[in-house]
Amino acid sequence: MVGALVLVYLLIMFAIGIASGIVGALTGLGGGIVSIPILTLMLGVPIEYAAGASLISTIATSSGAASAYVKDKLANIKIGMSLEIATTLGAIAGALIAATIYEQHLQQDIFVLFGIVLLLIIYPTYKEYRKTDRKITNKDWTTNFFQLKGSYFDKARGRIVRYSGYRWWLGEAVMCLAGVISGLLGVGSGALKVVGMDWGMKLPIKVTTSTSNFMIGVTAAAGSAVYWALGYIDPFILGPIVIGILAGSYIGSIILQKTQGSSIRLLFLAALVILGAEMILKGIGVA
Amino acid sequence: MGMEESISLILRSGVALSALLVFIGIILSITQGQAGGFSLSQASLHTQSNSSSINLPGIISGSLSLNGMSFIFLGFIVLIATPIIRVAMSIFYFVMQRNYLYTIITAVVLANLMIAILVVPQLLQGAAQPSAQTCIFCWSAYGTLGSLLAFVALFAIGIAIILLAMRMDKSISPRPSKVISIVLILLWIISMLLVINYFAQSFTFSGVLAGDMGPIFPITSLLAICSFAAIAYASRHDGIPIAIFSGIVGALAGIMVFEIPFMLITLPLSGSLLGAQGGILFGIVMFAAITTISMLSTLPEISLTRRSVYALGAMFMIFSAWAIEGFAYPSTPIIFLLNCAAKAMGFLAVTLMFQKPANAPGKKNARRR
């Protein structure tokens, strides 16, 4: 009897993982940002445990996806590494802020903040799909000093694209913010990382998205260590979810390849608006 | 295998191994019919399955006895370790490419991760329960993630130093100018006076004999005397006063080569070092360590040889083995031995700086690889 209950419980968690993984891959936002609202709103899991679970599963999805990008030399390891200085420090700060908030029992604030961040990142994520790679010629002293150059093979155009970025300090500043949000809310904050490299450093969008994926794992590792020490990592919430999100992301990437149009993505992005609004409502005590 | 391929391989195998461990853990939990004794939405710090109350030995012994929860935790540890190992690996590649800017940048990223994993949790726990440590030289051990990742970091540093030694073409013989030498000697004398003053206030001679300085102190003294003798003998052609002076500075530097990394590693572990009084002790010893090691450059027979760098790398390798044991206080025989071995390597590194390789006499040290 007890065994059957455990089985049902683990299956529910697994299903949530798969759903989050699929939606995360289709929208390009990652599994964590979907699983936190589902766990907290529908199942009533305390948000600190949902955040801990999300942070660890973010490492799994980012490492899995990044391995392919790194091999294709789409992700720029140097640029990623130089920006990780800021994301890791930010993640530590964010996780410590979260620890203080939870200690003061101000969980409601995290709900509101999460909802706001979720709503704010939907627009840049939506815009990203309309972008085509532009010719990059910007340079300043950081371009040479930090070796912000590279090249990749563009499959669609069938030729090698050379690129260079600039304004390293601006990228670093946005990454610090991305790190804080990652540690505070337990998400990978990949969208913000993309903004930092795309808008800040003017890197090509293909390089940006894959380098961002490459960086998420390190950022999340820094944050999750703090969550681990605080005791917010629960094996029986997280175990099935990690497996589910990994499977879901894989399924999502297959769906992405099969369907060309962005209509499905728009549908899911619209659904995320509802989740974001619900999080805010829950935070201010209406829902 | 290039940098991209090996990083990609690390990432994929880490995720696959972790997913496998978690999957086994879930299957075991189902067959055992228990999920940490709680159901949906009951997660809290009071359940037995929360990560703050779990430790590495417990996870390993639990996995060996086929406990589902331990397997899941093991999977998480592998998952968190994957990006960290990837960062550590990148350091080697940047060293090999002689890209020193990115070697430093990657080292800073690794240091940040170490702060997140080693220092922050200790601070959080320290804030929760102020430690009642009275012994100045005592320290506690690292926790689960802490010991694992201290191991990764120290192992990476050790390998990097050994790689550096392998790439060393010739010995380095620093020759500071007269002015710098005089400034160094003055600073060194000041730092030594500070240290003597501090220890004279904190310890009595009979107390030291009774073991106030910790269980390693006799070994340290013995090693220091051996090191002094070897260095003085190697410097005998420069006259007896210089030989004795070289011996004293060399033996002290031997202590300090061990002490600098050691103090940095145990800083978050030592309750007393984090307080105001401990901060003064830390500052004084660090100052003395840096000036003493700098003093080496003023000695006539000194040259940084490849063998000496190898000894330094070996010291970090022993540190990494010690980290597996949580970098705990030397109260068990194994840890005691590791502590002594690391100390010996520190002394060896400095002593070897005074021993010129037989096949390359004099300053013209043109060894081919």
Side-chain angles (χ1 to χ4, degrees), chain A residues 2-3 5-7 9-10 12 14 43-46 49 52 56 59-60 62-64 66-68 70-73 77-78 81-82 84-85 88-89 91-92 95-96 99 145-147 217-218 220-240 242-243 246, chain B residues 3-5 7-9 11-12 14-15 18-19 22-23 25-26 29-31 33-36 38-41 43-45 47 49-53 69 72-73 75-76 79-84 86-87 90 99 101-102 105-106 108-109 112-113 115-117 120-121 124-125 143-145 149:
Chain A
V2 181
L5 269 178
V6 172
L7 189 63
Y9 167 84
L10 293 172
I12 291 173
F14 182 65
L43 296 175
V45 171
Y49 290 88
I56 296 248
I59 303 178
S62 118
S63 298
S67 68
V70 171
K71 214 175 174 192
D72 294 345
K73 305 200 177 181
I77 295 174
K78 277 188 200 165
M81 196 64 82
S82 71
E84 273 163 10
I85 295 179
T88 46
L89 282 180
I92 296 171
L96 285 177
F145 187 77
F146 290 105
Q147 303 149 29
V218 173
S224 57
V226 181
Y227 277 76
W228 184 296
L230 291 167
Y232 296 144
I233 308 290
D234 190 294
F236 295 105
I237 295 177
L238 185 44
V242 165
I243 305 261
L246 270 176
Chain B
M3 181 175 187
E4 278 87 2
E5 281 81 8
I7 286 182
S8 174
L9 185 72
L11 291 174
R12 257 180 303 153
V15 172
S18 145
V22 171
F23 187 72
I26 292 173
S29 300
I30 293 173
T31 53
Q34 57 107 5
F38 76 102
S39 60
L40 283 174
S41 78
S44 84
L45 292 174
T47 54
S49 63
N50 96 72
S51 55
S52 68
S53 60
M69 191 174 80
I72 302 180
F73 268 124
F76 296 163
L79 201 56
I80 296 178
T82 303
I84 295 165
R86 185 272 264 174
V87 171
S90 309
N99 189 336
L101 175 73
Y102 269 88
I105 286 178
T106 314
V108 171
V109 173
N112 286 349
L113 285 168
I115 289 171
I117 287 153
V120 172
L124 287 172
Q125 278 165 14
T144 323
L145 278 176
L149 296 153

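By convention in this document, chain letters (A, B, ...) are assigned in the order of the sequence lines, proteins followed by strands, and residues within each chain are numbered from 1. Remember, it's a predicted structure, so these values are computed and weren't measured experimentally. Reckoned from all heavy atoms, side chains included, excluding hydrogens, waters and symmetry mates.
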When rounded to the nearest 0.5 Å, the distance separating OH of A/Y49 from CD1 of A/I237 is 8.0 Å

Comparing B/I105, B/T82, B/I115 against chain A, the one with the most heavy-atom pairs below 4.5 Å turns out to be B/I105

Closest non-hydrogen contact found for A/V218 with A/E84 is CG2-OE2, 3.7 Å

Under 4.5 Å to a heavy atom of chain B? For A/I92 that would be side chain

Under 4.5 Å to a heavy atom of chain B? For A/I56 that would be both

Ranked by heavy-atom pairs below 4.5 Å to chain A, first place among B/V15, B/I7, B/I72, B/N112 goes to B/N112

Review point. Heavy-atom distance under 4.5 Å between the side chains of B/V22 and B/L79, does that happen here?
Key: no

B/F23 meets the ring-ring contact (aromatic ring centres under 6.0 Å, His included) criterion, sequence neighbours left out, with none

Rounded to the nearest 0.5 angstrom, the CD1-OG distance for A/I59 and A/S224 is 4.0 Å

Under 4.5 Å to a heavy atom of chain A? For B/T106 that would be both

Honestly, the part of A/I77 sitting under 4.5 Å from a heavy atom of chain B is side chain

Do the non-hydrogen side-chain atoms of A/F236 and B/M69 ever get within less than 4.5 Å of each other? yes

Worksheet item: How about A/Y232 and A/V226: do any of their side-chain heavy atoms sit closer than 4.5 Å?
Response: no

Bottom line for B/I80: the part with an atom under 4.5 Å from chain A's heavy atoms is both

The interface call for A/L238 against chain B, heavy-atom contacts under 4.5 Å, is both

Okay, A/Y227 and chain B: the region with an atom under 4.5 Å from a heavy atom over there is backbone

